[in-house]
Visitor: 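The structure is given below, and queries will be raised subsequently.
Within every chain, numbering begins at 1; the chains are lettered A, B, ... in the order of the sequence lines, protein sequences first and strands thereafter.
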There are 2 protein chains.
Amino acid sequence: MSQPGTEGSSFPCGGQDPLALDGQLCFALYAASRAMTRAYQPMLRDLDLTYPQYLVLLVLWEWDAAAARGESPDSGVGALGRRLMLDSGTLTPLLKRMEQRGLVSRQRAPRDERVTLVAVTDSGRALKPRARHWVEQQLESSAVTREEVASLRGRLWQFLEKLGDSP
Amino acid sequence: MSQPGTEGSSFPCGGQDPLALDGQLCFALYAASRAMTRAYQPMLRDLDLTYPQYLVLLVLWEWDAAAARGESPDSGVGALGRRLMLDSGTLTPLLKRMEQRGLVSRQRAPRDERVTLVAVTDSGRALKPRARHWVEQQLESSAVTREEVASLRGRLWQFLEKLGDSP
DNA sequence: GCAATTTACATTGTGCACAATTAAATTGCC
DNA sequence: GGCAATTTAATTGTGCACAATGTAAATTGC
């Protein structure tokens, strides 16, 4: 990898040049995110999912469990988009592909015909234990501890909130 | 934003469900990376660049400065890809678009006809001070301190190296 | 000295991301 | 009740990402 490390420096800046690639937080995030997606490929290949499709299923599985508890979460495309921070231009075709494969159902809400309700089907539900198994394996075989992961995750959300405040 | 925080937990897991979306480090990275790209949009719009094109320019500007110092960095598409962790399927069309706009030059290396040498043109060089200005502004107006940014960046590269070790 | 292999890009095809626009349904305001 | 404003998805178009494959130049082995 041979990337720089933790030597103290500044916002996107590493040494003295604020435009040095290795000093950019944006590049570190970009590279880390894609590396993470690559790390999920064995599981995704096994489940025959793409990474964003997997994230959609994580949400739908949560909604499914909530519904099983008697709750009625807002399960429209908009709610899904807010949860994943994705818009309909990304989600609509993605959901259509998943519907084609029988993993999810899409239907207009009777109460408000503008809303498209999305839910996991039995086929989609069947992937959950397989995903759980993969993720647990990943956890154990990883060179990273749970604490490190939790800490990094916390810092990322913290950073995200500050990003939202700035503009 | 209303995402969870730093409450101690595990690899992708937040509470007890290892599949909880808010517990996934992968999602935190994915969301943070896209939010970061969004934060760069004002600058990118001004420079009429996409985010990956900007990253390519960061590398080419470094190569340009190295060449001005009398060094001769490997400036082929392959070297660019290794630096940005992108492959030719991504870079080739991106570089062609930048060449079309006159920002970069592409030519076969005389010594090895397999190699396509990439370099910034005067037009591409002219964007550097404008980018520097934007980035310095960003640094000052940000709600995040330089130390926080440097620390997060360091942790991300650390994490990336461990990801590379694991498989 | 030349076949086999390797290297370095380019090409092809699929699936995101996201800006911008459109269209349909609902709500609010008289 | 009727119509403007708003809300919600879907559509359109561009540009990444990346797997898989192709192609040609360079290198290696014998």
Visitor: For a stem of at least 3 consecutive Watson-Crick or G-U pairs with distances under 3.5 Å, i pairing with j, i+1 with j-1 and so on, which stems involve DNA chain D?
Guide: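 Expected stems, ordered by start: C:1-30 with D:1-30.
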
Visitor: So does A/Asp64 pair up with A/Lys128, basic N to acidic O under 4.0 Å?
Guide: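 Salt bridge absent between A/Asp64 and A/Lys128.
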
Visitor: Rounded to whole angstroms, how far apart are CG on A/Leu80 and C1' on D/dA9?
Guide: 13 Å

Visitor: Just how far, in rounded Å, is P of D/dC16 from CZ of B/Arg38?
Guide: 18 Å

Visitor: Is B/Tyr51 near enough to C/dC18 that one of its side-chain N or O atoms lies under 4.0 angstrom from OP1 or OP2?
Guide: no

Visitor: Using whole Å, what does the distance between atom P of nucleotide C/dA19 and atom CG of A/Leu91 come to?
Guide: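 Checked: the CG to P distance equals 14 Å.
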
Visitor: Just checking, is any N or O donor in the side chain of A/Arg155 or B/Ser151 under 3.5 Å from an acceptor N or O on the other one?
Guide: yes

Visitor: If the threshold is 4.0 Å, N to carboxylate O, is there a salt bridge linking B/Arg132 and A/Asp17?
Guide: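 Yes.
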
Visitor: Would you say B/Val59 and B/Val115 are hydrophobically clustered, going by side-chain heavy atoms of ILVMFWY under 4.5 Å?
Guide: no

Visitor: Taking 4.0 Å as the cut-off, does a side-chain nitrogen or oxygen of A/Arg34 come that near to OP1 or OP2 on C/dC16?
Guide: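 A/Arg34 to C/dC16 OP1/OP2: no side-chain N or O under 4.0 Å.
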
Visitor: Could you label the plane-to-plane angle of the A/Tyr54 and A/Trp61 rings as parallel, tilted or perpendicular, counting under 30° as parallel and over 60° as perpendicular?
Guide: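 Perpendicular: the ring planes of A/Tyr54 and A/Trp61 meet at over 60°.
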
Visitor: Suppose the criterion is salt bridge (charged side-chain N to carboxylate O under 4.0 Å, His left out): which pairs have a residue in residues 29-47 of chain A, not counting sequence neighbours?
Guide: A/Asp46-A/Arg130

Visitor: Using whole Å, what does the distance between atom P of nucleotide D/dA10 and atom CG of A/Asp87 come to?
Guide: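 The distance from CG of A/Asp87 to P of D/dA10 comes to 12 Å, rounded to the nearest Å.
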
Visitor: Kindly say whether A/Pro18 contributes a backbone atom to a donor-acceptor pair with the side chain of A/Gln24 at under 3.5 angstrom?
Guide: yes

Visitor: With sequence neighbours left out, which residue pairs that include part of residues 70-81 of chain B fulfil the side chain to side chain donor-acceptor pair (under 3.5 Å) condition?
Guide: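 Side chain to side chain donor-acceptor pair (under 3.5 Å) check on residues 70-81 of chain B returns B/Arg69-B/Glu71.
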
Visitor: Which value, rounded to the nearest 0.5 Å, describes the distance between A/Thr50 atom OG1 and A/Leu94 atom CG?
Guide: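 Going from the OG1 atom of A/Thr50 to the CG atom of A/Leu94 covers 5.5 Å.
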
Visitor: Looking at residues at least two apart in the chain, or sitting in another chain, which of them share a side chain to side chain contact (heavy atoms under 4.5 Å, CB included) with A/Arg108?
Guide: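 Applying side chain to side chain contact (heavy atoms under 4.5 Å, CB included) to A/Arg108 gives A/Glu113, A/Thr116.
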
Visitor: From CG of A/Leu86 over to P of C/dA17, roughly how many Å is that when rounded to an integer?
Guide: 7 Å

Visitor: How about A/Leu84 and B/Phe27: do any of their side-chain heavy atoms sit closer than 4.5 Å?
Guide: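 When only atoms from C-beta onward are counted, B/Phe27 and A/Leu84 do touch, with a gap below 4.5 Å.
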
Visitor: Hey, is the main chain of A/Asp48 close enough, under 3.5 Å, to the side chain of A/Arg101 for a donor-acceptor pair?
Guide: yes

Visitor: How many Å lie between CG on A/Leu55 and C1' on C/dA17, as a whole number?
Guide: 13 Å

Visitor: Give every pair of a protein N or O atom and an N or O atom of nucleotides 11-15 of chain C that lie under 3.5 Å apart, one pair per line with the distance.
Guide:
unit_1, atom_1, unit_2, atom_2, d
C/dT11, OP2, B/Lys96, NZ, 2.5

Visitor: Starting from the 5' end of DNA chain D, give me the residue, B/Glu113 or A/Arg45, whose nearest nucleotide shows up first.
Guide: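 Closer to the 5' end of DNA chain D: A/Arg45.
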
Visitor: Provide, to the nearest angstrom, the distance between the CZ atom belonging to B/Arg106 and the P atom belonging to C/dC9.
Guide: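 About 11 Å, once rounded to whole Å.
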
Visitor: Rounded to whole Å, please give me the gap between OH in B/Tyr30 and P in C/dC16.
Guide: 9 Å

Visitor: Which pairs, protein N/O on one side and nucleotides 6-8 of chain D N/O on the other, fall under 3.5 Å?
Guide:
unit_1, atom_1, unit_2, atom_2, d
D/dT7, O2, A/Arg114, NH1, 2.8

Visitor: B/Arg108 side chain N/O closer than 4.0 Å to the phosphate oxygens (OP1, OP2) of C/dC9?
Guide: no

